[in-house]
Amino acid sequence: MFKKFSGEEVSAQNQVKASVQRRIRQSIAEEYPGLEPVLDDILPKKSPLIVAKCQNHLNLVLVNNVPLFFSIRDGPYMPTLRLPHQYPDIMKKLQVDRGAIRFVLAGANIMCPGLTSPGGVLDEEVGAECPVAIMAEGKQHALAIGFTKMSAKDIKAINKGIGVDNLHYLNDGLWKMEQLD
């Protein structure tokens with residue numbers, strides 16, 4: 001999704017009204033309950049919240065020109081990788097084995113066998129159509145943000161095909177864009 005993303009793909013930036021800002025904060029708080037204690041640090045009520053509209057129906061939520069969340073069409077807000085690195089427990093995690101790391105870092109979707117092999121770890125509570133952080137065997141930080149195509153139970157049972165859509169990974173265009181000018 002963000003493989004060749006750059007600041008030129010942003011078509012409009014709008015500072016949102018207070019009511020829209022409250023709605024964004026509320027939907028983020030509902031989606032990520034682990035973020036509740038630090039939500040005021042991440043999305044301060046006083047600083048302006050900017051929504052940048054990009055190509056392919058993509059919205060970026062910016063605070064102080066730093067992209068913190070993104071959403072596709074009217075889907076859920078997903079954090080950029082910098083947030084799970086700062087606050088590791090904000091979202092559900094799935095772990096891939098060592099063999100899948102280089103493919104995930106190249107932007108490939110996460111296949112079911114990479115999650116069910118001995119190095120992979122599945123959180124049984126993860127449902128279908130749910131944003132998750134992709135961890136790697138033997139690594140401390142998340143290497144990708146994904147959107148599950150099927151529940152963890154189905155991934156374990158079927159063990160074939162794509163289990164998680166890779167939306168944002170380390171060293172893609174969004175990761176390299178630390179600030180939007």
Side-chain angles (χ1 to χ4, degrees), residues 1-18 20-25 27-29 31-32 35 38-39 41-88 90-96 99-111 114 129-136 139-149 162-181:
M1 163 130 287
F2 292 106
K3 193 166 206 148
K4 293 186 168 109
F5 186 79
S6 67
E8 285 123 35
E9 293 191 36
V10 176
S11 56
Q13 289 186 40
N14 299 325
Q15 183 173 335
V16 295
K17 297 188 297 187
V20 177
Q21 187 171 345
R22 274 195 304 274
R23 197 169 64 239
I24 290 173
R25 284 174 57 92
S27 68
I28 289 171
E31 187 72 39
Y32 308 105
L35 202 56
V38 293
L39 195 59
D41 297 338
I42 296 170
L43 298 171
K45 289 182 180 173
K46 295 292 182 196
S47 71
L49 191 73
I50 297 170
V51 173
K53 295 186 186 297
C54 307
Q55 296 168 354
N56 300 330
H57 304 284
L58 177 74
N59 290 335
L60 291 175
V61 176
L62 309 167
V63 175
N64 300 328
N65 284 341
V66 177
L68 294 178
F69 291 91
F70 65 92
S71 71
I72 300 145
R73 295 193 186 269
D74 290 328
Y77 286 98
M78 289 172 267
T80 59
L81 268 171
R82 296 185 194 285
L83 278 178
H85 287 190
Q86 283 181 307
Y87 309 102
I90 63 169
M91 55 191 313
K92 294 181 174 143
K93 299 179 183 108
L94 298 178
Q95 181 176 305
V96 295
I101 295 173
R102 68 186 182 127
F103 298 108
V104 173
L105 290 177
N109 290 331
I110 292 88
M111 308 303 278
E129 308 289 314
C130 176
V132 291
I134 307 299
M135 310 299 281
K139 305 292 181 209
Q140 180 183 358
H141 295 296
L143 61 121
I145 300 290
F147 201 67
T148 57
K149 283 196 165 253
I162 297 172
V164 181
D165 271 333
N166 187 348
L167 298 176
H168 168 44
Y169 55 93
L170 285 174
N171 286 329
D172 66 359
L174 185 58
W175 173 263
K176 289 178 181 169
M177 186 178 71
E178 293 180 24
Q179 283 203 326
L180 188 64
D181 298 324

**Q.** Approximate separation, where rounding is to 0.5 Å, of L174 CG and S6 OG
**A.** 11.0 Å
**Q.** side-chain contact (heavy atoms from CB on, under 4.5 Å) partners for A106, two or more places apart
**A.** none
Q) What residues, two or more places apart in sequence or in another chain, satisfy side-chain contact (heavy atoms from CB on, under 4.5 Å) together with L105? A) I101, L143, L170
Within the distance-only criterion (no hydrogens, no angle test), does the side chain of [X] pair as donor or acceptor with the backbone N or O of [Y] below 3.5 angstrom?
X: K93; Y: P88; result: yes
X: D172; Y: G107; result: no
X: H168; Y: L81; result: yes
X: Y32; Y: Y77; result: yes

Please name all residues satisfying side chain to side chain donor-acceptor pair (under 3.5 Å) with [X], sequence neighbours left out, ordered by chain then number.
X: D165; answer: N109
X: H85; answer: none
X: R102; answer: none
X: K139; answer: none

Q: Quickly, which of L49, I50, V10, L68 forms a side-chain contact (heavy atoms from CB on, under 4.5 Å) with L62? Name it, please.
A: I50
